[in-house]
Amino acid sequence: MTDYEYDLVVVGSGNAALSAAVSASEENLKVLVVEKGPQHKRGGNSFFTDGAIRFAYNNLDGLSKVVDNLSEEELNSIELPKYATEDYHGDLMNVTKNESNPSLAEHLTGKSYETILWMKEQGVEFQLNENQFFEKDGKKSFWGGLPVKTVDKGIGLVKSLFKKAEENGVDFWYASPAEKLEKADGKITGVHVNSEEHGKVLVKTKSVVLASGGFEADKKKRMEHLGKEWENAIVRGSEYNTGDGITMALEVGAVKAGQYDGCHAHTTDYNSPKTGDYSKPGDIYKKSSYPLGLIVNVEGERFVDEGADFRNYTYAKYGKETLKQTQQKAFQIYDEQVRDMLRVEYNLEEATMLKADTVEELAVKMGVDKENFLETINSYNDAVQDGDYNPSVKDGKTTVGLSPNKTNWALKFNEGPFYAYPITCGITFTFGAIKVNNKSEVLDENDQPIEGLYAAGEMVGDLFYHNYPGGSGLMSGSVFGKTAGDSVKNYLSTAAQN
């Protein structure tokens, strides 16, 4: 029997896992990454993201150090609100209702910019986020603290990190789920791996980084923790994120942390595939332009405030509201006034679209309660207040007398043709995981680190509650992944000296 021995074993192969592997391998540690899926399905949930990543860029000068090749003319055309660490931290605490662990929140936001620069050094490329500005009079007005995305979306992100990890000598085993951790004398000593190529083996190791995602792809766990209505929710990403890492950690003394009945859930096309389609990655089924329009259920009634805030601060929770509706179905509706302003995904051939010349015809095509729908539209139009419409700021153009009102961006729905996009709930990742400190060390019931065990990405519990600021999931994976790699280097260096 072959003996396998590594300084570090990383479980998972998404952004967080790869960040940990790259960071640790910078100092010539012997690193193995084990991935549950086959090679053509590597990359975890990160493979499916749009690539938008939130960090404290501070100002235009800070942004220009991240996004290459911006000409003087381009820089002069950009209107960019300041976004410092305290702004990011404020957004995070606001949307999580101040329940985010203060130490973890400070680590994520405070380390975001330096981590972005580190990612760039590793070969990750960034570009301006075309979905986060409105153009007028030659000026690009950015909004919502999310002006940057990775080149070629999540595919480009993981491709760059895989390349760097391979250059650093990291080994990869695919179709090789980790099944159990070994611990002796309070320290992690190995990982049991069931590998298609290598068989069932114990990989000896001094340290492990768990970065294998949450339990969003496990139907039974979703129903247990989130509720029975989540049984048939669409899984927007990896089919392999079934909570294995959480289970392994708990078996060796880790404790649960975070909101187990909470998750990131986005509105997605009603006809999306049931799990992430590896032939069509890039988050192409999402539907994020709803602040420009209205959302109605099959009864023909509105049920959320579409204009409560920029989509960056509402989309992760509005999926759950859609799940509560009859048939777990709703419709985003738009008129001709805003049609050209919708995001790219609305123009893809994969988008399910209904088009009609009149509101009455639209109701028939949608199959909603026609009488209720027409009443909803008429009441909404009567409630729209005068004001300047400006989708690049919270313009205060509101309705009065409705429940719910539309707080911003309330235009009358009255210029045909009219468009409807059927949507449902798509789960991205779960918020409940394991207890981790700001060194990415996994903690036991006494808040003490389990020696040699670290976690990153979706496995960091106690960070997101109720909601999260868009782009923070990727940033968290990068920050806590790099932190885990750095902590492993310090741990092994200290152990070697003793």
Side-chain angles (χ1 to χ4, degrees), residues 45-52 129-132 149 153-155 216-217 219 222 229-239 241 263-300 302-304 306 311-312 314-335 338-356 362-368 373 417-429 470 473:
N45 272 356
S46 306
F47 183 80
F48 293 95
T49 70
D50 190 46
N129 187 350
E130 76 280 358
N131 288 317
Q132 292 290 310
K149 63 190 296 185
K153 304 183 179 182
I155 310 166
E216 58 271 5
K219 182 181 295 189
R222 287 201 309 270
E229 68 271 22
W230 291 88
E231 179 180 5
N232 296 314
I234 284 173
V235 177
R236 299 178 63 227
S238 172
E239 64 202 84
N241 286 14
C263 64
H264 174 303
H266 194 2
T267 50
T268 192
D269 194 291
Y270 192 75
N271 296 309
S272 298
K274 294 302 182 184
T275 60
D277 183 347
Y278 289 85
S279 69
K280 293 183 177 181
D283 207 6
I284 65 174
Y285 294 98
K286 69 180 182 298
K287 294 291 180 287
S288 293
S289 290
Y290 57 84
L292 303 177
L294 300 174
I295 307 175
V296 299
N297 55 27
V298 297
E299 284 81 24
R302 293 174 59 244
F303 55 93
V304 294
E306 304 90 347
R311 53 79 65 188
N312 299 346
T314 58
Y315 77 98
K317 63 180 181 179
Y318 278 5
K320 286 175 276 190
E321 296 305 316
T322 306
L323 193 69
K324 298 175 184 177
Q325 306 308 306
T326 303
Q327 299 176 32
Q328 300 184 331
K329 184 178 186 179
F331 296 85
Q332 292 180 7
I333 59 173
Y334 306 93
D335 73 358
V338 300
R339 178 62 185 83
D340 289 343
M341 301 168 64
L342 303 187
R343 291 162 59 111
V344 173
E345 65 260 22
Y346 291 81
N347 298 316
L348 299 177
E349 64 178 0
E350 289 82 7
T352 306
M353 182 186 76
L354 306 171
K355 181 179 179 180
L362 189 69
V364 173
K365 288 189 174 183
M366 292 163 64
V368 300
F373 180 68
F418 303 95
Y419 306 85
Y421 297 83
I423 55 169
T424 188
C425 174
I427 186 168
T428 312
F429 65 90

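For this chain, numbers begin at 1 and follow the sequence in order. Not measured: the values here are computed from a predicted model.
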Measure from the side-chain N and O atoms of [X] to the backbone N and O of [Y], and report whether any donor-acceptor pair falls under 3.5 Å.
X      : Y      : result
Lys320 : Cys263 : yes
Tyr334 : Leu342 : no
Thr322 : Tyr318 : yes
Thr326 : Val298 : no
Lys286 : Asp283 : yes

Can you name the salt bridge (charged side-chain N to carboxylate O under 4.0 Å, His left out) partners of [X], sequence neighbours left out?
X      : result
Glu130 : Lys149
Glu299 : none
Glu306 : Arg302

- Task: Check step by step if side chain to side chain donor-acceptor pair (under 3.5 Å) holds for Asn45 and Glu216.
- Result: CA-CA 11 Å; Asn45 272 356; Glu216 58 271 5; 3.2 Å; yes
Hey, what do you get for [atom1] ([X]) to [atom2] ([Y]), rounding to the nearest 0.5 Å?
X      : Y      : atom1 : atom2 : result
Ile295 : Gln332 : CD1   : CD    : 5.0 Å
Arg311 : Thr267 : CZ    : OG1   : 9.0 Å
Tyr421 : Asn271 : OH    : CG    : 14.0 Å

Under the rule for side-chain hydrogen bond (donor to acceptor under 3.5 Å, both in side chains), what residues qualify as partners of [X], not counting sequence neighbours?
X      : result
Arg222 : none
Glu321 : Lys324
Lys355 : none
His264 : Thr428, Tyr468

- Task: For Phe47, check ring-ring contact (aromatic ring centres under 6.0 Å, His included) against everything at least two apart and list the hits.
- Result: Tyr278
- What do the steps show when you test Thr424 against Tyr270 for side-chain contact (heavy atoms from CB on, under 4.5 Å), and what is the final call? CA-CA 5 Å; Thr424 188; Tyr270 192 75; 3.6 Å; yes
- Between Asp269 and Thr352, a side-chain donor and acceptor under 3.5 Å: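 A donor-acceptor contact under 3.5 Å links the two side chains.
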- Message: Under 3.5 Å, is there a donor on one side chain and an acceptor on the other for Glu345 and Asn131?
- Response: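 Distance-only check fails for Glu345 and Asn131.
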Between [X] and [Y], which heavy-atom pair has the shortest distance, and what is it?
X      : Y      : result
Gly282 : Asp50  : O-OD1, 3.9 Å
Cys425 : Gly319 : CB-O, 3.3 Å
Phe48  : Pro281 : CD2-CA, 4.2 Å

- Does any non-hydrogen side-chain atom of Met341 lie less than 4.5 Å from one of Ser289?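 Counting from C-beta outward, Ser289 and Met341 never come under 4.5 Å.
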- So, do Tyr290 and Thr314 sit near enough that their side-chain heavy atoms are less than 4.5 Å apart?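 Tyr290 reaches Thr314 side chain to side chain.
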Residue list, side-chain contact (heavy atoms from CB on, under 4.5 Å) with [X], at least two apart or on another chain:
X      : answer
Ser46  : Asn15, Val158, Leu474
Lys280 : Asp277, Ile284, Tyr285, Glu350
Asn347 : Arg339
Ala420 : Phe331, Ile333, Leu354, Leu362, Met366

- Message: Against the six-membered ring of Tyr346, is Arg343 placed for a cation-pi contact (under 6.0 Å from the centre, within 45° of the normal)?
- Response: no
- Step by step, work out the side-chain contact (heavy atoms from CB on, under 4.5 Å) result for Arg236 and Ile427. CA-CA 6 Å; Arg236 299 178 63 227; Ile427 186 168; 6.0 Å; no
- Query: Where do Tyr419 and Met353 land on the side-chain contact (heavy atoms from CB on, under 4.5 Å) test, with the steps shown first?
  - Reply: CA-CA 7 Å; Tyr419 306 85; Met353 182 186 76; 3.8 Å; yes
